[in-house]
Structure formats: C-alpha cells, structure tokens
Amino acid sequence: MRRRIVAGNWKMNGSMDLVTTLVPAVSAAVASGEVAGSVVIFPPALYVPGVLKAAGGELEVGVQNVSQWRAGAYTGDLSAVMAADTGCHYALVGHSERRQYFGETDAVVALKVRQALDAGLVVMVCVGETLAQRDAGDAESVVASQVRAALADVTQDEWARVVVAYEPVWAIGTGKTATAEDAQAMHASIRQVLGAIGAPADDVSVLYGGSVKADNAPALFAEADIDGGLIGGASLSAEEFVSICRSLPADDNG
Ligand code: PEP
C-alpha cells in the first residue's frame with residue numbers, strides 16, 4: 001500500500017534558528033497524531049544532523065541531492081552512502097533546479113537514483129515539464145520519458161523505496177499551481193508509465209509539487225492519484241507547513 005507523504009524542500013534556505021524552531025513544531029504536530037501520513041524534511045546537508053536531533057524521531061530526513069558517484073576524488077560532492085551513514089532516510093534526486101542550473105541530464109539522474117537505492121535510501125525522483133513543453137502538448141510524453149529514464153533499472157524489491165514527485169517546472173516558486181484535475185490527470189499517467197516499466201504502480205507514492213500552500217493543498221491531496229506533496233517555499237513557515245501536513249486525508253491509504 002502506498003504511503004501519504006508531505007515533504008519540505010528547504011532548497012538553499014534555512015539556518016540553525018529555523019532548525020530549532022520549525023522542526024520541533026512540525027514534530028509536535030506529527031507526534032500528536034494530527035498528520036495522516038509521513039513528513040520528510042530536506043534541509044541543506046549541513047543542517048541534517050541538527051534536523052535529525054530536533055525531529056526526535058517523528059520526521060524523516062533527507063538530502064536534496066547526492067553524487068552520481070559512490071566515493072572518491074569529487075571535491076564538494078556528497079555521496080548517498082554518507083547520507084545514509086549520517087542518519088538520512090531519503091534522497092531527493094532530479095529536482096528541476098538541479099536539471100536547470102547544474103546541467104543534470106536524465107542519464108545523470110538515473111545514476112543518482114542507483115546510488116541512492118544502493119545506499120539503502122528512499123529516493124524521491126522529481127519529474128516535470130516546462131511551460132513551453134506543456135503549451136506544445138508534450139507534457140505527458142516529456143514526463144513519461146523522464147520517469148522511464150530515471151527508473152529503468154529499479155528492481156522489484158527496490159520499488160518500495162521509490163517515490164515520484166511530479167513538479168511542473170512552471171509551477172515551482174511561481175505561485176501558479178496546476179489545477180487539481182490537471183495534476184490528477186498527470187499523476188494517473190505517471191502511474192500508467194510506472195506499471196509499464198514493471199513497477200507495482202498502485203503501491204508507489206506519487207506526490208505533487210509546485211506552489212502548494214495551505215489553501216490549495218486539500219483539493220490537490222483529495223485526488224485519487226495524488227499521495228501528498230513536495231513543498232518548497234511554504235515549507236519554510238512552520239504554520240503554513242504544519243497546515244499543509246494536516247491536509248493529508250485520513251483514509252486507508254495513509
Ligand atoms: C520545489 O522546489 O520542490 C517546490 C515545489 O517549490 P515551491 O513549493 O516553492 O513551488
């Protein structure tokens with residue numbers, strides 16, 4: 001059975017102050033049973049130990065990126081093995097900002113997926129089309145090809161550690177969100193692709209990301225194939241993020 005998840009991607013934001021104020025507030029909401037699913041925080045890697053400590057075991061923690069290599073002379077890179085060794089549960093891979101600003105291709109994303117899975121992490125793979133691709137009518141084919149490329153060599157027993165995050169590039173940080181209906185249609189299409197490449201498609205969590213806020217989260221999370229959200233800007237406010245976490249519907253999918 002797939003899990004409902006809300007994940008916060010802090011990107012290159014945050015501070016020790018945010019770690020010691022926001023994380024306990026989110027942990028308290030989870031501990032009190034107000035959240036019908038799992039909550040994951042992706043802080044900048046330097047803050048991972050602090051977030052793990054402040055989370056008190058209530059939250060899962062991940063890195064925003066891992067190296068495509070296992071170890072060696074790659075100055076500045078952080079490996080998936082190190083992320084697991086320091087207590088991370090998750091790795092975020094293929095975020096559109098990594099693809100856009102760091103030149104990550106589908107092939108590099110696939111190598112990172114492999115590193116994360118080999119290290120025992122859950123990998124959250126981001127896919128999504130640009131506005132030009134959507135306007136050209138190519139959104140579904142672009143996303144399908146990103147899913148296939150990233151996940152082609154996942155083995156049967158690894159699917160339980162794969163989460164897909166559909167994040168239309170035009171919706172990230174722009175205040176524009178896909179309608180719940182459009183997002184649902186893409187999520188259903190992603191699930192079909194997952195089935196076609198051999199995944200137990202109904203068991204893989206598929207999250208929506210792109211300007212999710214407290215006011216639009218309930219409608220998005222109510223859709224049949226949307227299992228939660230990957231949250232950027234709104235994950236930096238404890239009040240907003242806790243409210244989004246509380247929007248996960250309580251049903252037997254939690
Ligand atoms: C993201 O960066 O993954 C994201 C969804 O950002 P935002 O919520 O700010 O659009």
Side-chain angles (χ1 to χ4, degrees), residues 4-14 18 22 26 37-45 47-48 51 59-66 88-104 109 112-113 116 122-131 133-134 139 142-143 146-147 150 162-180 182-184 186-187 190 205-221 223 225-248:
R4 293 208 183 265
I5 301 167
V6 169
N9 171 18
W10 290 7
K11 312 192 186 195
M12 199 172 73
N13 298 298
L18 192 75
L22 180 143
V26 179
S38 308
V39 177
V40 186
I41 306 261
F42 292 103
Y47 295 122
V48 160
V51 171
L59 313 177
E60 294 178 288
V61 179
V63 281
Q64 298 172 12
N65 177 40
V66 290
C88 285
H89 313 96
Y90 273 77
L92 191 63
V93 166
H95 192 281
S96 65
E97 288 152 14
R98 300 292 315 174
R99 295 179 192 254
Q100 184 181 351
Y101 302 127
F102 301 90
E104 287 188 11
V109 172
K112 293 183 174 202
V113 167
V122 179
V123 66
M124 188 177 291
V125 185
C126 302
V127 295
E129 82 285 359
T130 63
L131 188 56
Q133 289 164 334
R134 174 156 283 260
V142 165
V143 169
Q146 290 174 341
V147 170
V162 173
V163 174
V164 176
Y166 166 59
E167 301 204 299
V169 178
W170 48 270
I172 295 179
T174 60
K176 294 181 193 149
T177 319
T179 63
D182 284 350
Q184 162 58 28
M186 184 62 87
H187 281 233
I190 288 170
S205 298
V206 184
L207 313 186
Y208 172 79
S211 296
V212 176
K213 307 272 184 274
D215 59 359
N216 58 22
L220 288 158
F221 297 171
E223 294 291 340
D225 285 295
I226 301 181
D227 303 311
L230 177 55
I231 321 299
S235 72
L236 298 169
S237 152
E239 193 185 350
E240 187 82 4
F241 189 61
V242 166
S243 168
I244 293 169
C245 292
R246 285 197 192 109
S247 303
L248 284 174

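Both counts, for ligands and for their atoms, begin at 1 and track the order of listing. Everything quoted here is computed from the prediction, not taken from an experiment.
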- Item | His95: ring pair (Phe, Tyr, Trp, His ring centres under 6.0 Å) partners, not counting sequence neighbours | none
- Task: Could you tell me whether the side chain of Ser211 and the main chain of Ala171 form a donor-acceptor pair under 3.5 Å?
- Result: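 Yes, Ser211 side chain to Ala171 backbone: donor-acceptor pair under 3.5 Å.
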- Are any side-chain N or O atoms of Asn9 and backbone N or O atoms of Gly232, one a donor and one an acceptor, separated by less than 3.5 Å? no
- Item | Glu129: partners by salt bridge (Lys or Arg N to Asp or Glu O under 4.0 Å), with sequence neighbours left out | Arg134
- Message: Holding to salt bridge (Lys or Arg N to Asp or Glu O under 4.0 Å), I want the full list of residues that pass it with Glu97, two or more places apart in sequence or in another chain.
- Response: Lys11
- May I ask you to decide if the ring planes of Tyr166 and His187 are parallel, tilted or perpendicular, using 30° and 60° as cut-offs? perpendicular
- Within the protein, residues bringing a heavy atom under 4.0 Å of ligand 1, chain by chain: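 Close residues (ligand 1, cut-off 4.0 Å): Asn9, Lys11, His95, Glu167, Ala171, Ile172, Gly173, Gly209, Gly210, Ser211, Leu230, Ile231, Gly232, Gly233.
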